[in-house]
Amino acid sequence: MLLFFLFHGVLVDFAYSKISQLSRFDSLSAKSKLAPFWETFQDDGEFDKWISFSSEELSLYKEKARAMFYHGYENYMSHAFPLDELDPIGCAGRGPDLQKPENININDVLGNYSLTLIDSMDTLALLGDKESFRSAVDFVVESVDFNQPYSVNVFEVTIRVLGALLSSHSLIVDPEQMIPDLHPEYNGGLLGKAVDLADRIIPSFETSSGVPLPRIKLNGGPAHTSNRTDTTIASATSLILEFGLLSKLTGNDTYLSLARNAVDVIWGVRNETTGLWPSGIDSRTLLPTNNFSGFGAGFDSFPEYLLKSYIMFGYEVEFSRFTELIRSYRKYARQGRPKCFSGDGTVPFFTNVNYSTGEIANTWLDSLSAFLPGLLTLSGDVEEAVCLHFLYFTIWRMFDAFPERFDWNKLSSIVHFYPLRPELIESTYHLYRVTKSPFYLHVGKELLNSIERNMKTECGFATLHSVLDRTLEDRMESFFLAETVKYLYLLFDAENPLHKSEKWIFSTEGHVLPVLKSEEKVGSKCTSPGLNLTRTPENTICPGVCHQFTRQQNLLPLQPKYIRQIEAAIGLRHL
């Protein structure tokens with residue numbers, strides 16, 4: 001467990017003598033390898049590259065992000081529409097895998113409902129492309145049919161499709177007209193589609209526990225994969241924003257009641273000793289299907305939706321639960337020195353632990369957990385967010401992408417693909433909106449350039465099959481346009497109307513949803529308008545750190561010694 005000891009302050013010289021011998025990094029071309037951050041400027045204080053970002057460069061990268069979106073979107077419309085996804089290498093479309101209905105990797109998200117178009121609609125709105133937005137809305141209202149004989153993942157169809165429908169509907173009918181005249185001829189058809197889809201999802205909640213089954217057949221027939229009942233904590237608890245908003249818009253409390261009840265049930269199965277959950281659970285028996293827990297896959301959006309449901313609806317119990325959850329995971333899963341910006345000790349990070357004992361369960365960080373700095377920013381814990389973000393950014397720089405799993409013990413990628421995920425970009429965006437530090441614009445610039453360099457094809461952007469040899473996989477998932485490019489564009493678009501409004505919040509799929517509660521019920525603001533970020537009450541997590549960090553905005557986010565330490569821990573440099 002080499003890096004385990006490294007993080008605990010011993011065997012450092014031995015670790016780095018071994019790192020230099022590792023052949024796995026030899027497969028990365030010189031063009032693809034990124035130098036350690038600290039080597040991109042001199043140690044004598046010449047930090048100008050990272051603490052300033054000209055208006056010309058900001059405009060350039062805003063247009064690069066816009067061009068990235070349209071390269072994906074227009075090729076989808078030309079080569080794939082009305083199918084669900086674009087194959088960016090074959091320049092073709094794909095829908096459900098009819099030959100292999102058990103192919104969950106495809107069939108969990110594809111349902112013959114023009115997924116990429118639906119998922120992209122609110123991105124079109126935020127880009128200001130009203131003509132394309134109106135065409136997309138009209139097609140969905142008139143032509144998309146959810147009465148399909150395909151089994152889909154309840155969580156995925158909720159966040160990608162239902163959330164997209166509700167987001168675009170809400171943007172059109174927004175009484176404050178954040179984006180004016182989006183669709184003057186609109187008659188509410190997206191809301192009707194949302195009701196139709198939600199009613200097809202509701203039967204998944206018909207279990208003895210009240211926790212939804214992981215999959216549902218949209219036309220009401222029996223689900224495939226032998227009616228498997230294994231689900232995840234995230235899947236079971238991350239429906240409350242979309243279902244809650246639907247209830248508020250329709251006056252039908254059924255949707256919200258089902259989603260909140262599932263959260264209540266899941267809350268009740270946490271371990272009494274540790275206060276932790278397994279990431280996997282059986283939706284009928286509530287028995288764990290694995291023993292590890294952390295902020296990655298299977299758990300990630302559970303704490304996210306606890307906090308956001310408080311912000312969106314004002315449910316105090318959700319905020320109390322979020323605070324308790326964070327406290328438990330800080331106690332058992334967090335490693336390293338207590339404070340990010342000060343003190344001695346090793347690199348702070350969260351690992352995966354056994355949910356019932358709190359002991360380290362495995363030694364990987366997965367790419368989904370890179371959302372955590374953004375969530376901590378939302379909660380007001382900017383100091384912790386800064387530290388974790390730099391750790392994830394360093395992993396990206398090691399591979400010029402983010403492997404699905406990085407082993408912090410072996411200092412290597414152990415699951416090599418990168419499917420154009422948004423999580424690190426999402427956290428970069430949130431940290432920039434709070435701190436206004438130009439450093440995060442430079443991070444976004446590097447992330448955008450990496451995607452352009454490694455994943456752009458003639459007909460779109462492809463999944464990176466391996467961060468080691470740069471081979472590609474012929475798939476562009478819908479979240480690339482719904483989230484990844486959206487966050488990049490918003491990062492560089494300083495004048496976007498979203499940044500001037502305090503009435504919207506992002507779903508876990510990056511869809512903008514309206515905050516329906518009064519502002520007075522939320523804690524005091526700790527950031528610029530447009531994100532609905534809150535500083536937590538004095539008796540919870542970290543009051544005041546947003547303002548503390550803002551005073552440091554013209555410096556690098558971390559002291560040089562901590563930057564060196566993180567890069568050494570990941571394997572990019574010697575101490």
**H442 to S52 - nearest heavy-atom pair and separation** = NE2-O, 2.7 Å

**Fill in**
From the list F302, F295, Y355, ring-ring contact (aromatic ring centres under 6.0 Å, His included) partner of Y329 resolves to F295

**Asked** H389 side chain to G374 main-chain N or O, any donor-acceptor pair under 3.5 Å?
**Response** no

**Request:** Kindly indicate whether the side chain of R433, heavy atoms from C-beta on, has any atom under 4.5 Å from the side chain of Y429.
**Result:** yes

**Request:** Could you tell me whether the side chain of K486 and the main chain of G510 form a donor-acceptor pair under 3.5 Å?
**Result:** yes

**Request:** May I ask you to decide if I266's main-chain N or O and W277's side chain share a donor-acceptor pair within less than 3.5 Å?
**Result:** yes

**Prompt:** Could you go step by step and tell me if S238 and S301 meet the side-chain hydrogen bond (donor to acceptor under 3.5 Å, both in side chains) rule?
**Reply:** CA-CA 6 Å; S238 303; S301 51; 2.6 Å; yes

**Request:** Output the distance between atom CG (L239) and atom OG1 (T158), rounded to the nearest 0.5 Å.
**Result:** 5.0 Å

**Prompt:** With a 4.5 Å heavy-atom cut-off, do L558 and C340 have their side chains touching?
**Reply:** yes

**Message:** I'd like to know if K339 pairs up with E383 as an ion pair, taking the criterion as any Lys NZ or Arg NE/NH1/NH2 lying under 4.0 Å from an Asp or Glu carboxylate oxygen.
**Reply:** no

**Single hit among Y305, Y310, F313 for ring-ring contact (aromatic ring centres under 6.0 Å, His included) with F319** = Y310

**Request:** For the pair D282 and T289, evaluate side-chain hydrogen bond (donor to acceptor under 3.5 Å, both in side chains) and give the outcome as yes or no after the intermediate values.
**Result:** CA-CA 6 Å; D282 187 281; T289 57; over 6 Å; no

**Asked** Quick one: does H416's side chain have a donor or acceptor within less than 3.5 Å of a partner on D469's backbone?
**Response** no

**Request:** List the atom of I566, the atom of L391, and the distance in Å for their closest heavy-atom pair.
**Result:** CG2-CA, 3.8 Å

**Item:** Minimum heavy-atom distance between L325 and P303, given as atom pair plus value
**Value:** CD2-CB, 3.8 Å

**Fill in**
When K331, R270, R330 are each screened for salt bridge (charged side-chain N to carboxylate O under 4.0 Å, His left out) with E324, the one that passes is R270

**Item:** Separation between CG of L372 and CG of D381, rounded to the nearest 0.5 Å
**Value:** 9.0 Å

**Message:** Testing the 3.5 Å rule here: is there a donor-acceptor pair between the side chains of T363 and D407?
**Reply:** yes

**Message:** Within the 4.5 Å heavy-atom criterion, are I451 and I425 side-chain neighbours or not?
**Reply:** yes

**Prompt:** Hey, does the side chain of S167 reach the backbone of V512 with a donor-acceptor pair shorter than 3.5 angstrom?
**Reply:** yes

**Request:** Assign the ring pair W364 / F292 to parallel, tilted or perpendicular, where the plane angle (0 to 90°) is split at 30° and 60°.
**Result:** perpendicular

**Prompt:** Roughly how far, to the nearest 0.5 Å, is the CZ atom of R470 from the CG atom of L468?
**Reply:** 8.0 Å

**Item:** CZ-CZ distance between F393 and F439, expressed to the nearest 0.5 angstrom
**Value:** 5.5 Å

**Message:** Given the ring of Y61, does K64 sit roughly above its face, with NZ or CZ under 6.0 Å from the centre of the six-membered ring and within 45° of the axis?
**Reply:** yes

**Prompt:** Cation over ring, R260 on Y315, under 6.0 Å and within 45°?
**Reply:** yes

**Prompt:** Side-chain contact, heavy-atom cut-off 4.5 Å: W267 with L306?
**Reply:** yes

**Prompt:** What is the ring orientation for Y418 with W396, classed by angle as parallel under 30°, tilted 30 to 60°, or perpendicular over 60°?
**Reply:** perpendicular

**Request:** For S466 and T471, indicate whether the former's side chain and the latter's backbone hold a donor-acceptor pair under 3.5 Å.
**Result:** no

**Request:** Walk me through it: do L375 and F322 pass the test side-chain contact (heavy atoms from CB on, under 4.5 Å)?
**Result:** CA-CA 11 Å; L375 178 66; F322 170 79; 4.0 Å; yes

**H465 atom NE2: more than 12 heavy-atom contacts under 6.0 Å** = no

**Prompt:** Taking C-beta and beyond as the side chain, do I233 and S279 meet within less than 4.5 Å on heavy atoms?
**Reply:** no

**Item:** Verdict with reasoning, V386 to F341, per side-chain contact (heavy atoms from CB on, under 4.5 Å)
**Value:** CA-CA 9 Å; V386 165; F341 291 167; 3.8 Å; yes

**Item:** Whether N290 side chain and G280 backbone form a donor-acceptor pair below 3.5 Å
**Value:** yes

**Item:** N362 side chain near R405 side chain, heavy-atom distance below 4.5 Å
**Value:** no

**Request:** Taking the side chain as every heavy atom from C-beta outward, state whether V382 and L376 have any atom pair closer than 4.5 Å.
**Result:** no

**Prompt:** Does NZ or CZ of R337 come closer than 6.0 Å to the centre of the six-membered ring of Y562, within 45° of the ring's axis?
**Reply:** yes

**Item:** Candidate pair E477 and R160, rule side-chain contact (heavy atoms from CB on, under 4.5 Å), full reasoning
**Value:** CA-CA 11 Å; E477 292 213 46; R160 297 201 200 196; 3.1 Å; yes

**Prompt:** To the nearest 0.5 Å, what is the distance between CG (D366) and CD (E423)?
**Reply:** 9.0 Å

**Pairing of R321 and D264 as salt bridge, 4.0 angstrom limit** = yes

**Message:** For E304 versus T508, what's the shortest heavy-atom pair and its separation?
**Reply:** OE1-OG1, 2.9 Å

**Item:** side-chain hydrogen bond (donor to acceptor under 3.5 Å, both in side chains) partner of Y392, the single match among S369, S367, S427
**Value:** S369

**Asked** Any side-chain heavy atom of L378 sitting closer than 4.5 Å to one from I311?
**Response** yes

**Asked** Rounded to the nearest 0.5 Å, how far does CG of N454 lie from CG of D400?
**Response** 4.5 Å

**Message:** Using only atom types and a distance under 3.5 Å, with no angle test, would you say the side chain of T463 pairs donor to acceptor with the backbone of R475?
**Reply:** yes

**Request:** Name the orientation class of the two ring planes belonging to F399 and F406 (parallel below 30°, tilted from 30 to 60°, perpendicular beyond 60°).
**Result:** perpendicular

**Request:** Taking all heavy atoms of E404 and all of P419, pick out the closest pair and write down the distance.
**Result:** OE1-CD, 3.8 Å

**Message:** Please check this pair: side chain of Q565 against backbone of G345, looking for a donor-acceptor N/O pair closer than 3.5 Å.
**Reply:** yes

**Request:** Write down the atom of H511, the atom of G163, and the distance for their closest heavy-atom approach.
**Result:** CD2-C, 3.8 Å

**Asked** Can Y489 and N496 be said to form a side-chain contact (heavy atoms from CB on, under 4.5 Å), step by step?
**Response** CA-CA 9 Å; Y489 180 79; N496 196 279; 3.9 Å; yes

